[in-house]
Amino acid sequence: MLLPLLAALAAAAAAWPGCEPARGPAGGCHRPSASDSAMCVDLQLQACSDAAYNQTAFPSPLEHRSREALEASSEYVLLSVLHHLLEGQCNPDLRLLGCAVLAPRCEGGRVRRPCRQVCERLREACQPAFDAIDMAWPYFLDCGRYFGGEEEGCHDPLEKLRGALDAEEAPPSGPPPTFLHFTHHSYAQMVRVLRRTAARCAHIASTYSIGRSFDGRELLVIEFSSRPGQHELMEPEVKLIGNIHGNEVAGREMLIYLAQYLCSEYLLGSPRIQRLLNSTRIHLLPSMNPDGYEVAAAEGAGYNGWTSGRQNAQNLDLNRNFPDLTSEFYRLISSRGARTDHLAIPQHYWWGKVAPETKAIMKWMRTTPFVLSASLHGGDLVVSYPFDFSQHPHEEKMFSPTPDEKMFKLLARAYADVHPMMMDRSENRCGGNFLKTGSIINGADWYSFTGGMSDFNYLHSNCFEITVELGCVKFPPEEALYPLWQHNKEPLLTFVEMAHRGIKGMVVDKFGKPVRNARVSVKGIRHDVTAAPGGDYWRLLPPGSHIVIAQAPGYSKVIKKVTIPARMKRAGRVDFILQPLPAGPKKFLQGPRRSSPGLQDPLEGAGPSGEPLGARRQPENSGGKPWWWAYFTSLSQHKPRWLLKY
Ligand SMILES: *[C@@H]1O[C@H](CO)[C@@H](O)[C@H](O)[C@H]1NC(C)=O
Ligand SMILES: *[C@@H]1O[C@H](CO)[C@@H](O)[C@H](O)[C@H]1NC(C)=O
Ligand SMILES: [Zn+2]
């Protein structure tokens, strides 16, 4: 039976070009279109193994007659390396879109085209990523040509990606989310818990993504605020970040539990939690490195080695991947009058490898006026605070305080002093080395490193960030999670409440309008804070008397003396009304140091999806071809000239 069938197919195929006019179904001679009958075969393409379908048909729309021919094509090679070329941006979406063209979905003997809309959306979001590496948009991702409309029954090649995030929007089954499950959470479980929690507390919580990991996982944040989704005037913003090192997983779980706890307690009417959420906007990013987590979780609790899964999928240590502004700080601090806050990111930083996770955090910091932050780690039991990079390049352990040393110490103490294990006096406990200093330490005094997230927060923005080492085991067994939560719940809450120390207020002109580029200085602390676009500012300060100065280009300074009582737990309100300077030569006015106009700043060039766009222009090779050209010439004999823009 098989032979005649094959023969008939062969005959039919041979018949297309010269078919006689009256024989087609519509009375005309036509070539079978993409939706006509086809023989479905297993997909079996490595670059498409995560597609939402598992059957395709040959010849492909690009006329590849077999899987082997397809695999040898430069179109396929492009899909396999796209991820690396774009450093994780727009992926896996783009790759899956490409798969849907090269190896289209075949179902019930019919080939289905991917939806044009999906293509158009991706093109809009991803074109800048191609521009950044001087690559033309691949011809086979031409939305007009290889894609179809809803009316022809197109399919969404990204449905599985969306599925991963939306699957649990359906009516929740199982126990109500009031119950905290003190278990490890896989990526899908984490997303589900955060989404459900936000749905349950919709009036005070919502989730959003700050970007994607290298392997394409959303970096999902849950925020709590009386008005989620927006900054409120004079409400401080706090972020807590877990799992920056993929194998240090306790912080990830603590933040998942904290999200559920905040929601439940608010609903139950806890005055403390209500007060906190009514006056603070809190953002929780339980996993900054979900790709590394997968590697660590595959080994499992107890088996995870000291380092596997620490890095992201590009093998970058995210806590070494931030711009080193600390060296710049040490250079500037000796010159009188130089600003040593809000330092610009040096251009050469962008020539190196910047992880998409790092970029996502930097972009997040730029869009939200964070005041306070903590990054949760594991492997020891101590709270460390900036600087992490030693003031002497050859000293690996050297006390290297910031101008805000006093405040940072208070912040670190706020955490450690209410942590029962950190306060435990026994020397042989986990973290016993830090007994003498009350379980807190200056980062560089512990061990010096550059490119850390905390130093960057302090020197590039208004945000004060500490680092918390939650315990000596990086990947604790499940039964350790409940005690960990018991120990860290109060420290986490107390720490977030510290956002209300010091002073806050408005810097406005005499009409009550925010003054552009206003900054607030404190005598004796060489670190200014800048006001948010709405004119509001926060200045974390230890108790005591301070001389505070508000200024802005084009306005005269206003100086105030403030006294913060030792026990005050709410930020003192100090407003400033600035008077414009008489017009005249303004050469003595200096705005805040920012990247000068004209310099390339990849964080500004955001796609509509909010994805940070890289500018990875690297030195071109001698032939004048872009650097990635060598990939293709070495991997395939076909030279994809269609990727060249010029
Ligand atoms: C292919 O997908 C279908 C439907 O999604 C599923 O039922 C089937 O088991 C899959 N086959 C293979 C070989 O994975
Ligand atoms: C917090 O805000 C809600 C809604 O505005 C209000 O009902 C509640 O009383 C407030 N609670 C506290 C402690 O401020
Ligand atoms: Zn760590």
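Atoms within each ligand, like the ligands themselves, are counted from 1 in listed order.
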Side-chain touch E294/D291, heavy atoms, less than 4.5 angstrom: no
Check ligand 2 for N or O atoms under 3.5 Å from a protein N or O and list each pair with its distance.
| unit_1 | atom_1 | unit_2 | atom_2 | d |
| --- | --- | --- | --- | --- |
| ligand 2 | 2 (O) | N278 | OD1 | 3.1 |
| ligand 2 | 2 (O) | N278 | ND2 | 2.3 |
| ligand 2 | 11 (N) | Q274 | OE1 | 3.3 |
| ligand 2 | 11 (N) | N278 | ND2 | 3.0 |
| ligand 2 | 14 (O) | N278 | ND2 | 3.1 |

So, is the end of the K560 side chain (NZ or CZ) under 6.0 Å from the ring centre of F576 and within 45° of the ring's axis? yes
Disulfide (SG to SG under 2.5 Å) against C201, all qualifying residues, sequence neighbours excluded: C263
Enter the distance from Y482:OH to H487:NE2 here, rounded to the nearest 0.5 Å. 10.0 Å
If you round to the nearest 0.5 Å, how far is CG of L540 from CE of M407? 5.0 Å
Measuring from atom OG of S454 to atom CZ of F408, what distance do you get when rounded to the nearest 0.5 angstrom? 7.5 Å
How would you list, by chain and number, every residue that makes a ring-ring contact (aromatic ring centres under 6.0 Å, His included) with F399, sequence neighbours excluded? none
For the residue pair F387 and F329, is the inter-centroid distance of their aromatic rings smaller than 6.0 Å? yes
Around the Zn ion (ligand 3), how many protein N, O or S atoms are closer than 2.8 Å? 4
Could R281 and F224 be counted as a cation-pi pair, given that NZ or CZ must be under 6.0 Å from the ring centre and within 45° of the axis? no
